[in-house]
Engineer: 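The structure under discussion is supplied below as structure tokens; questions concerning it will follow.
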Amino acid sequence: MSSLYQIDAAILDCVDEETGEIIDEEALDALMMEREKKINNVAWWIVNLDAEIEAYVKRKKYFAEREANAKKRSESLKGYLLRALNGEKYITSDYKITFSRSKSVEIYEESTIPDEYINEVLTRKPNKTAIKAAIKAGHEVSGCRLVENKNISVK
């Protein structure tokens with residue numbers, strides 16, 4: 001099977017470069033059909049891959065929800081055992097349940113915390129929408145330019 005590049009090259013070979021006259025009309029017709037078939041096959045492949053991607057996205061959301069639900073149930077059951085065992089060890093041939101102590105900070109009124117205990121997070125990211133609007137309005141934005149893209153849509 002030939003690639004589109006090879007088919008296009010073979011199509012050019014069917015035409016006289018100097019006169020533009022078709023040298024082999026039968027071969028040209030066959031190549032044009034092969035080219036159309038190749039394009040259709042690639043388009044179908046894209047459509048199928050896009051459907052596959054959409055299915056993966058849905059499954060990812062589904063599994064993320066299941067993961068979150070499992071974590072909630074696990075935490076709930078740990079709390080249940082904590083209350084039921086009241087911090088006492090529980091050992092069987094299958095499980096060993098122990099408890100340890102730890103300390104954590106509970107924030108109950110964030111607005112009253114002194115500034116020295118606050119981490120400030122700052123992120124910098126170019127605003128492409130504003131940059132595009134500025135360039136379109138005739139302004140020069142250092143380090144940026146508008147480029148024209150060709151986007152393909154196969155449905």
Side-chain angles (χ1 to χ4, degrees), residues 1-15 26-85 87 89-111 113 115 117-155:
M1 189 178 295
S2 301
S3 68
L4 281 173
Y5 176 80
Q6 292 168 325
I7 294 169
D8 287 343
I11 287 172
L12 290 176
D13 290 342
C14 290
V15 178
E26 193 175 304
L28 180 62
D29 287 342
L31 287 166
M32 293 300 282
M33 287 176 55
E34 185 178 348
R35 185 176 193 276
E36 187 174 328
K37 182 178 177 185
K38 175 69 79 173
I39 291 170
N40 284 332
N41 286 340
V42 171
W44 271 114
W45 193 6
I46 292 168
V47 167
N48 286 331
L49 286 172
D50 287 347
E52 192 175 328
I53 291 166
E54 189 176 327
Y56 290 144
V57 168
K58 286 180 182 177
R59 294 304 284 173
K60 185 165 57 170
K61 288 178 185 175
Y62 169 76
F63 281 113
E65 288 172 6
R66 292 205 48 191
E67 176 189 6
N69 288 337
K71 283 181 180 179
K72 284 180 192 175
R73 283 194 313 268
S74 176
E75 290 303 315
S76 175
L77 289 170
K78 287 176 184 176
Y80 174 73
L81 279 182
L82 177 65
R83 290 184 301 278
L85 296 174
K89 276 187 197 177
Y90 185 82
I91 300 172
T92 69
S93 60
D94 294 324
Y95 300 101
K96 178 179 179 182
I97 301 171
T98 60
F99 298 90
S100 61
R101 296 190 180 274
S102 67
K103 293 190 183 221
S104 65
V105 175
E106 178 184 332
I107 309 289
Y108 57 90
E109 198 171 333
E110 189 173 326
S111 62
I113 300 172
D115 286 343
Y117 299 108
I118 299 293
N119 287 335
E120 197 167 317
V121 179
L122 178 68
T123 59
R124 291 177 36 95
K125 181 178 171 187
N127 182 342
K128 288 186 176 184
T129 305
I131 293 169
K132 182 178 181 181
I135 293 173
K136 279 186 164 184
H139 302 286
E140 187 174 320
V141 180
S142 177
C144 301
R145 66 174 169 250
L146 274 184
V147 293
E148 190 167 317
N149 300 309
K150 289 183 181 178
N151 302 312
I152 188 167
S153 175
V154 180
K155 296 187 181 199

Engineer: Can you establish whether the number of heavy atoms outside Asp94 located under 6.0 Å from its atom CG is more than 12?
Structural biologist: yes
Engineer: Under a 4.0 Å N-O cut-off, is there an ion pair linking Glu67 with Lys71?
Structural biologist: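 Between Lys71 and Glu67 there is a salt bridge, with a charged N closer than 4.0 Å to a carboxylate O.
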Engineer: To the nearest 0.5 Å, what is the distance between CD1 (Ile97) and OG1 (Thr92)?
Structural biologist: 7.5 Å
Engineer: Kindly give the heavy-atom pair with the smallest separation between Ser2 and Ile7, and that separation in Å.
Structural biologist: CB-CG1, 3.8 Å
Engineer: So that I can tick it off, tell me whether Lys38 and Glu34 are bridged by a salt bridge, with the cut-off set at under 4.0 angstrom between side-chain N and carboxylate O.
Structural biologist: no
Engineer: Take a 6.0 Å sphere around CD of Glu110 and say whether it holds more than 12 heavy atoms from other residues, nucleotides or ligands.
Structural biologist: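 Count not over threshold, so no.
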Engineer: Within a radius of less than 6.0 Å around OH of Tyr90, do more than 12 heavy atoms belonging to other residues, nucleotides or ligands occur?
Structural biologist: no
Engineer: So do Leu77 and Leu81 actually touch side chain to side chain, heavy atoms under 4.5 Å?
Structural biologist: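 Heavy-atom side-chain distance check fails, nothing below 4.5 Å.
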Engineer: Let me confirm one number: the CD1-NZ distance from Ile53 to Lys58, rounded to the nearest 0.5 Å.
Structural biologist: 13.5 Å
Engineer: How long is the gap from CD on Gln6 to CG on Leu31, to the nearest 0.5 Å?
Structural biologist: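 These two atoms lie 11.5 Å from each other.
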Engineer: Without swapping roles, check the side chain of Arg66 against the backbone of Tyr62 for a donor-acceptor pair under 3.5 Å.
Structural biologist: no
Engineer: For residues 117-135, please give each side-chain donor-acceptor pair under 3.5 Å, one per line with the distance, not counting sequence neighbours.
Structural biologist:
residue	atom	partner	partner atom	Å
Asn127	OD1	Thr129	N	3.2
Asn127	OD1	Ala130	N	3.1

Engineer: Which value, rounded to the nearest 0.5 Å, describes the distance between Asp50 atom CG and Trp45 atom CH2?
Structural biologist: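 It comes to 12.5 Å.
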